[in-house]
Chemist: 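Starting off with a structure, shown below.
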Amino acid sequence: MIEISHLNKTYHHQQEKVVALGDINLTVKNGEICSIIGPSGCGKTTLLYILSGIIHEYEGTVRIDGLSPEQHIGKLGLILQDYGLLPWKTVWQNVALGLEIRKTNKKQITEKIDDVLNQVGLYELRNHYPSQISGGQRQRVAIARAISMDAKVLLMDEPFSALDAITREEIQEAFLELWYKTQMTVVLVTHSIEEAVFLGNKIQILSSLPGKIIYDISNPHQGNIHLRSHPDFLKMCTEIRRRLRSV
Ligand code: ADP
Ligand code: MG
């Protein structure tokens, strides 16, 4: 479980102070997807960096299963906008990176990576380089890496934003299926209202600086692959759009 209480983050840049996050309180239960949506520059990436242990100077408490994020380093999956793939390594090698850093033995790595590539439907493309596959496939390579490391928590920063609308919807559906299988806890930062509602068990709206949670909506229909055609989907999207316009 992720528990954030009274989280404040101020950046000091020369003489200037930027209060990026102002009193964030948030709980994400194990196995839940929490969507975070808010205007550009409101502290979303900062929040993910804090959760992933990259930024450790902040006020307040952040706990993941009772431990601080730094105590989880190497076990949390972080997927950034550019997916973090190395262009000179193949799909297979890119997925294996996480386990290699952990110094897992070669035979175990091979078995695990083959298995995960099959799960995400990339086994046939294992010898391709990132430049030879589509945006959606690159996205799956990044997810495959997180799965191969048995990451219980996946932190994603606008991971689908570079994709065209239809690919994006297909990837969201594929992601939902993977999430069902792995039961990972996910924090998903997105700009897209539809994506936040389609994937999130709960949706948090952040205000502009300093980022505060100004609206917390739970989504009883989450997990329904046909949610987009449900009347409540439109209702939720409209409500979120209204709230975002007023921040
Ligand atoms: P978002 O991801 O929502 O667009 P960020 O978390 O990247 O927002 O940034 C939040 C605010 O903090 C922005 O105003 C940004 O300029 C500022 N900021 C981010 N990183 C730094 C930094 N390293 N030093 C100073 N200010 C920063
Ligand atoms: Mg950002």
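Just follow the structure's listing: the first ligand is 1, and inside any ligand the first atom is 1.
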Chemist: Kindly indicate whether atom 6 (O) of ligand 1 is approached by any protein heavy atom to under 4.0 angstrom.
Modeler: yes

Chemist: How long is the straight-line distance from CG of L199 back to CH2 of W179, given to the nearest 0.5 Å?
Modeler: 9.5 Å

Chemist: So which protein heavy atom does atom 20 (N) of ligand 1 come closest to, and at what separation?
Modeler: Y11 CZ, 3.3 Å

Chemist: So, are K235 and E239 salt-bridged, with charged N and O less than 4.0 Å apart?
Modeler: no

Chemist: Using a distance threshold of 4.0 Å (strictly less than), state whether atom 10 (C) of ligand 1 has a protein heavy-atom neighbour.
Modeler: yes

Chemist: Could you tell me which atoms of ligand 1, counted from 1 in the order shown, lie closer than 4.0 angstrom to a heavy atom of C42?
Modeler: 1 (P), 3 (O), 8 (O)

Chemist: Which of the atoms in ligand 1, numbered in the order shown and given with their element, are less than 4.0 Å from a heavy-atom of T45?
Modeler: 1 (P), 2 (O), 6 (O), 7 (O)

Chemist: Applying a 4.0 Å heavy-atom criterion (strictly less than), which segment of L47 is in contact with ligand 1: side chain, backbone, both, or neither?
Modeler: neither

Chemist: Can you find an N/O atom of H13 closer than 3.5 Å to an N/O atom of ligand 1?
Modeler: no

Chemist: Look up atom CD1 in I37 and atom NE2 in H191, then write down how far apart they are to the nearest 0.5 Å.
Modeler: 8.0 Å

Chemist: Is a side-chain N or O of N8 found less than 3.5 angstrom from the main chain of E59, in a donor-acceptor match?
Modeler: no

Chemist: Should side-chain heavy atoms under 4.5 Å link Ile, Leu, Val, Met, Phe, Trp and Tyr, which residues sit in the same cluster as L86?
Modeler: W88, L97

Chemist: How far is atom 14 (O) of ligand 1 from its nearest protein heavy atom, and which residue and atom is that?
Modeler: L209 CD1, 3.2 Å

Chemist: Which N, O or S atoms belonging to the protein are less than 2.8 Å from the Mg ion (ligand 2)?
Modeler: T45 OG1

Chemist: Would you say the side chains of E158 and T190 form a donor-acceptor pair under 3.5 Å?
Modeler: no

Chemist: Within the 4.0 Å heavy-atom shell around S40, which atoms of ligand 1 are there?
Modeler: 4 (O)

Chemist: At what distance is the nearest protein heavy atom to atom 8 (O) of ligand 1, and which residue and atom is it?
Modeler: G43 N, 3.1 Å

Chemist: Answer yes or no on whether R168 is positioned over the face of F160, meaning its NZ or CZ is under 6.0 Å from the six-membered ring centre and within 45° of the axis.
Modeler: no

Chemist: Would you say R228 and F198 make side-chain contact, with heavy atoms under 4.5 Å?
Modeler: yes

Chemist: Are the side chain of R243 and the backbone N or O of Y215 linked by a donor-acceptor pair below 3.5 Å?
Modeler: no

Chemist: Mind jotting down which residue pairs meet the side-chain hydrogen bond (donor to acceptor under 3.5 Å, both in side chains) criterion with at least one end in residues 16-43? Sequence neighbours excluded, please.
Modeler: H6-D23

Chemist: Please list all pairs meeting ring-ring contact (aromatic ring centres under 6.0 Å, His included) that have one or both residues in residues 216-247, counting only residues at least two apart or in different chains.
Modeler: H221-H230

Chemist: Does either side chain, that of Y11 or that of T46, offer a donor lying less than 3.5 Å from an acceptor on the other one?
Modeler: yes

Chemist: Distance under 4.0 Å to a non-hydrogen atom of G41: what atoms of ligand 1 satisfy this?
Modeler: 1 (P), 3 (O), 4 (O), 8 (O), 10 (C), 11 (C), 13 (C), 14 (O)

Chemist: Considering only non-hydrogen protein atoms, determine which one is nearest to atom 15 (C) of ligand 1 and report residue, atom name and distance to 0.1 Å.
Modeler: V18 CG1, 5.0 Å

